[in-house]
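Structure, as structure tokens:
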Amino acid sequence: GENVEQHPSTLSVQEGDSAVIKCTYSDSASNYFPWYKQELGKRPQLIIDIRSNVGEKKDQRIAVTLNKTAKHFSLHITETQPEDSAVYFCAASETSYDKVIFGPGTSLSVIP
Amino acid sequence: DTGVSQDPRHKITKRGQNVTFRCDPISEHNRLYWYRQTLGQGPEFLTYFQNEAQLEKSRLLSDRFSAERPKGSFSTLEIQRTEQGDSAMYLCASSSTGSGDQPQHFGDGTRLSIL
């Protein structure tokens with residue numbers, strides 16, 4: 001079955017700096033890669049997703065890249081703000097409506 | 001859009017008791033998913049439904065766990081003879097297989113604590 005690995009497990013950056021989280025997946029059948037943000041005690045919320053026919057996607061300060069050949073995908077957050085502090089999960093799935101396999105998470109702290 | 005709702009938000013019970021959780025998906029969503037999340041980990045897939053049909057169950061879902069979605073709307077997840085290791089956050093999500101890619105939307109979860 002699918003296995004998603006994620007690193008680093010914790011990341012601390014100064015406000016205004018960039019943050020990068022990297023993930024790998026194992027199943028070639030995966031074509032959909034969502035990223036979720038989870039604040040303490042709250043539900044996971046989708047922040048951005050990318051499909052296998054696209055190499056890069058950007059939404060304001062957030063961008064994702066996908067290398068399907070290498071089975072790597074990454075999240076980039078620019079101009080970080082304290083409210084970006086949360087746990088971020090990468091995930092993989094065959095489609096957006098199939099079961100999603102999550103990575104172990106990255107705890108991001110943005111220091112004011 | 002009222003979002004995915006789960007009930008109860010918290011459940012504390014003694015080991016060996018049975019518990020049941022309820023999930024109400026977004027109304028037009030035909031797929032409903034159950035995940036389990038333990039502290040410091042990502043959500044783990046348990047099972048999912050399309051309408052009333054249960055499509056897949058994870059190996060994590062032992063015989064003590066059962067899920068239903070009898071009318072294709074709300075779903076229940078029951079755990080029988082609870083064990084300490086069942087303590088976790090149980091998350092429900094829903095999505096649609098309709099036109100366009102529809103990401104999964106999560107509820108706030110039910111936090112289960114086994115004494």
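Just so we're on the same page: letters track the sequence lines, and every chain starts at 1.
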**Message:** Checking B:Gln104 against A:Tyr36 for the side chain to side chain donor-acceptor pair (under 3.5 Å) test, could you report, in this order, the C-alpha distance in whole Å, the side-chain angles of both residues, the deciding distance, and whether it holds?
**Reply:** CA-CA 10 Å; B:Gln104 295 178 27; A:Tyr36 284 84; 5.3 Å; no

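A cation-pi arrangement is not found for B:Arg31 relative to B:Tyr48, the charged atom failing to lie both closer than 6.0 Å to the ring centre and inside a 45° cone about the ring normal.
Only the side chain of B:Gln37 has a heavy atom closer than 4.5 Å to any heavy atom of chain A. For chain A, the nearby parts of B:Phe106 are the backbone and the side chain; heavy atoms of each come within less than 4.5 Å. Neither the backbone nor the side chain of A:Gln6 has a heavy atom closer than 4.5 Å to any heavy atom of chain B.
Residues A:Val87 and A:Ile47 fall into different hydrophobic clusters, defined by Ile, Leu, Val, Met, Phe, Trp and Tyr side chains chained together at heavy-atom separations under 4.5 Å.
With respect to chain A, the highest number of heavy-atom pairs below 4.5 Å among B:Ser94, B:Pro43, B:Gly107 belongs to B:Pro43. With chain B as partner, the option from A:Gln38, A:Gln45, A:Lys42 having the largest number of non-hydrogen pairs under 4.5 angstrom is A:Gln38. Chain B forms more heavy-atom pairs under 4.5 Å with one residue of A:Ser93, A:Ala91, A:Pro44, A:Pro104 than with any other, namely A:Pro44.
Proximity of a side-chain donor or acceptor of A:Thr65 to a complementary backbone N or O of A:Glu56 within less than 3.5 Å is not detected.
One side chain, A:Asp49 or A:Tyr32, offers a donor N or O that lies under 3.5 Å from an acceptor on the other.
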